[in-house]
Protein chains: 2
Amino acid sequence: MTQLVLVVEDDDMIRELIEIYLNKNGYEVITAADGEEAMEKFTLYSPCLVLLDLMLPKASGEDVCQWIREQERNEVSLIMITAKTSSDQKIKGLKMGADDYVTKPFSPNELMARVEAVLRRGGQFCQKINHRGLVIKPRKGEVLLNGRKIQLTKYEFNLLFYFMENPNLVLTREQLVQQIHPYAESDILDRTIDAHIKKLREKIESVPSKPARIVTVRGMGYQFVP
Amino acid sequence: MTQLVLVVEDDDMIRELIEIYLNKNGYEVITAADGEEAMEKFTLYSPCLVLLDLMLPKASGEDVCQWIREQERNEVSLIMITAKTSSDQKIKGLKMGADDYVTKPFSPNELMARVEAVLRRGGQFCQKINHRGLVIKPRKGEVLLNGRKIQLTKYEFNLLFYFMENPNLVLTREQLVQQIHPYAESDILDRTIDAHIKKLREKIESVPSKPARIVTVRGMGYQFVP
DNA sequence: TATCCTTTGTCAACACTTTGTCACACATTC
DNA sequence: GAATGTGTGACAAAGTGTTGACAAAGGATA
């Protein structure tokens with residue numbers, strides 16, 4: 001069962017690069033270079049995943065994204081590709097209905113990892129991840145704790161999303177930094193991550209000083225336990 | 001690294017046949033004849049793959065399948081075996097979380113091919129290594145002894161991982177130091193390794209003073225015997 | 001078997017590393 | 001420009017690692 005991916009990207013180089021990598025990883029690929037073509041190809045082929053650049057000729061990525069979601073095709077997953085620009089673009093993207101986002105420039109490996117993750121989550125069911133009363137809705141940028149909505153900052157949201165995508169895995173601080181600053185070889189300190197974790201814990205743990213959800217694994221990193 | 005397969009099948013003939021074939025192909029096999037035994041053996045041994053007959057005494061294959069998925073989602077592959085042949089059943093099985101499906105009667109070669117395929121697919125990342133009731137899950141930073149989780153420090157964990165990756169090899173103290181401090185020409189003393197080994201033994205040996213897993217090879221180093 | 005020498009086991013003190021927490025400066029958003 | 005979010009360094013607290021001294025065990029020799 002090979003999976004079909006639609007790549008919407010106006011830059012020929014990048015589009016072909018993505019195509020090559022997707023092929024190498026066993027996906028079938030169709031491409032579109034602008035918004036109109038994207039919508040055509042989408043109706044024609046019904047891909048299970050769309051990689052969508054936000055900056056497009058003819059119809060903006062936002063339009064395409066919204067259009068896709070209007071098709072009531074919740075069975076399609078969507079990963080946005082955004083330029084570096086403002087960092088809260090990401091949240092906007094997720095709110096618009098993307099399942100994940102990648103910022104340019106990205107490494108092909110990072111992109112592939114996200115593709116795998118999104119598809120593993122199972123496309124049609126990925127509107128929310130739910131672990132023990134903690135619900136995150138990537139497409140809405142919303143987090144519920146025991147039914148009550150809680151307010152997270154961008155980075156807290158990103159971290160939590162990443163944790164909930166990878167439950168039970170030990171995530172190193174390095175990985176977490178990557179998640180927060182996907183571009184640039186950032187020299188973010190470990191303490192920064194710790195600080196974010198602390199704030200996250202205050203919001204999602206019932207006893208923040210005895211964390212039960214985000215536990216620290218000494219010498220290794222942190223781990224989300226459902 | 002030999003892989004551990006749990007075969008759950010109530011028909012003795014078929015179970016033994018499968019076992020023989022798996023052994024011939026280099027797998028280690030444990031078996032269960034009913035649903036309850038299957039769950040027991042599963043927690044005890046954490047196999048990499050389960051071959052599961054759907055028609056079982058005591059707890060149906062469906063129940064066991066679901067239960068297994070609740071325990072470990074991504075760390076174990078699952079192939080269903082059934083007499084039922086409707087393709088509708090097959091879909092159900094796959095939805096329930098099986099990675100593949102075999103209908104009786106099947107040829108042993110077909111089964112082996114599917115086993116290989118499923119393990120190849122699921123095993124890119126080393127999810128766990130299993131030796132005689134001792135299971136290490138590198139990505140989760142977890143160690144199970146007879147199904148019970150035990151707590152190791154970073155270096156203990158690294159050492160044990162290295163040992164379990166290289167069973168039956170005599171590892172010199174020098175190699176072990178390398179493993180603990182991969183960079184930097186550290187001038188760690190032998191006694192340091194011994195100390196770590198002692199602590200490890202206290203945690204994983206049933207009689208720490210008579211170690212059966214990590215044995216010392218006088219004048220050479222230590223050896224992990226499965 | 002008694003003796004000697006080498007290797008390994010054990011332990012607790014101490015040094016060191018890792019993590020939690022905080023206040024503050026800087027950045028961003030509205 | 002007020003409010004909020006984010007990164008940083010300092011310090012405290014907790015947890016681990018290393019070491020050296022000594023005991024015990026194993027091997028060799030005669």
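Letters go in sequence order (proteins before strands), and every chain restarts at 1.
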- Item | Integer-rounded Å distance: C/dA27 C1' and A/Y155 OH | 10 Å

- Task: Please state whether the phosphate of D/dG7, meaning OP1 or OP2, lies under 4.0 angstrom from any side-chain nitrogen or oxygen of A/H181.
- Result: yes

- Task: In whole angstrom, give the distance that lies between atom NZ of B/K210 and atom P of C/dG9.
- Result: 12 Å

- Under-4.0 Å side-chain N/O to phosphate OP1/OP2 contact, A/T192 with D/dT8: yes

- Query: Taking CE from A/M220 and P from C/dT19, how many angstroms apart are they, rounded to a whole number?
  - Reply: 10 Å

- Determine the contact category for B/T216: base if any of its heavy atoms lies under 4.0 Å from a base atom, sugar-phosphate if only primed atoms, P, OP1 or OP2 are that close, otherwise nothing. sugar-phosphate

- Flag the pair A/Y222 / A/H196 as yes when their ring centroid distance falls below 6.0 Å, and as no otherwise. no

- Nearest whole angstrom, please: distance from the C1' of D/dT18 to the CG of B/L159. 14 Å

- Task: Give a yes or no on whether the backbone of A/D11 and the side-chain of A/E9 come within a donor-acceptor separation of less than 3.5 Å.
- Result: yes

- Closest to the side chain of A/R218, out of D/dG26, C/dT17, D/dG7, is C/dT17

- Verify the neighbour count for atom CD of B/E174: are there more than 12 heavy atoms of other residues, nucleotides or ligands below 6.0 Å? no

- Is B/V217 touching bases, backbone alone, or none of the nucleic acid, heavy atoms closer than 4.0 Å? sugar-phosphate

- Query: Base, sugar-phosphate, or nothing: which does B/T153 touch, judged by heavy atoms less than 4.0 Å apart?
  - Reply: sugar-phosphate

- Measure from CD on A/Q151 to P on D/dT6 and round the result to the nearest Å. 12 Å

- Point-to-point distance, once rounded to the nearest 0.5 Å, from CD of B/Q151 to CD of B/E156: 10.0 Å

- Rounded distance (Å) that lies between atom P of C/dC22 and atom CZ of A/R201: 13 Å

- Message: Rounded to whole Å, how long is the line connecting atom OH of B/Y222 with atom P of C/dT8?
- Response: 7 Å

- Task: Send over the distance from B/E156 CD to D/dG17 P, rounded to a whole Å.
- Result: 6 Å

- Message: Does C/dT18 have its OP1 or OP2 closer than 4.0 Å to a side-chain nitrogen or oxygen of A/R173?
- Response: no

- Message: Under 4.0 Å, heavy atoms only, any strand: does A/I197 hit a base, just the sugar-phosphate, or nothing?
- Response: nothing

- Task: Mind checking B/K154 for me? I need base, sugar-phosphate or nothing, with any heavy atom below 4.0 Å counting as a touch.
- Result: sugar-phosphate

- Query: Once you round to the nearest 0.5 Å, how far does CZ of A/F163 lie from CG of A/L160?
  - Reply: 8.5 Å

- Message: Does D/dG5 have OP1 or OP2 under 4.0 Å away from a side-chain N or O of A/H196?
- Response: no

- Task: Would you mind telling me which residue lines up with the more 5' stretch of DNA chain D, B/L189 or A/K199, judged by nearest nucleotide?
- Result: A/K199

- Message: When you measure only distances, ignoring hydrogens and angles, does the side chain of A/R191 come within 3.5 Å of the base of D/dG7 through a donor and an acceptor?
- Response: no

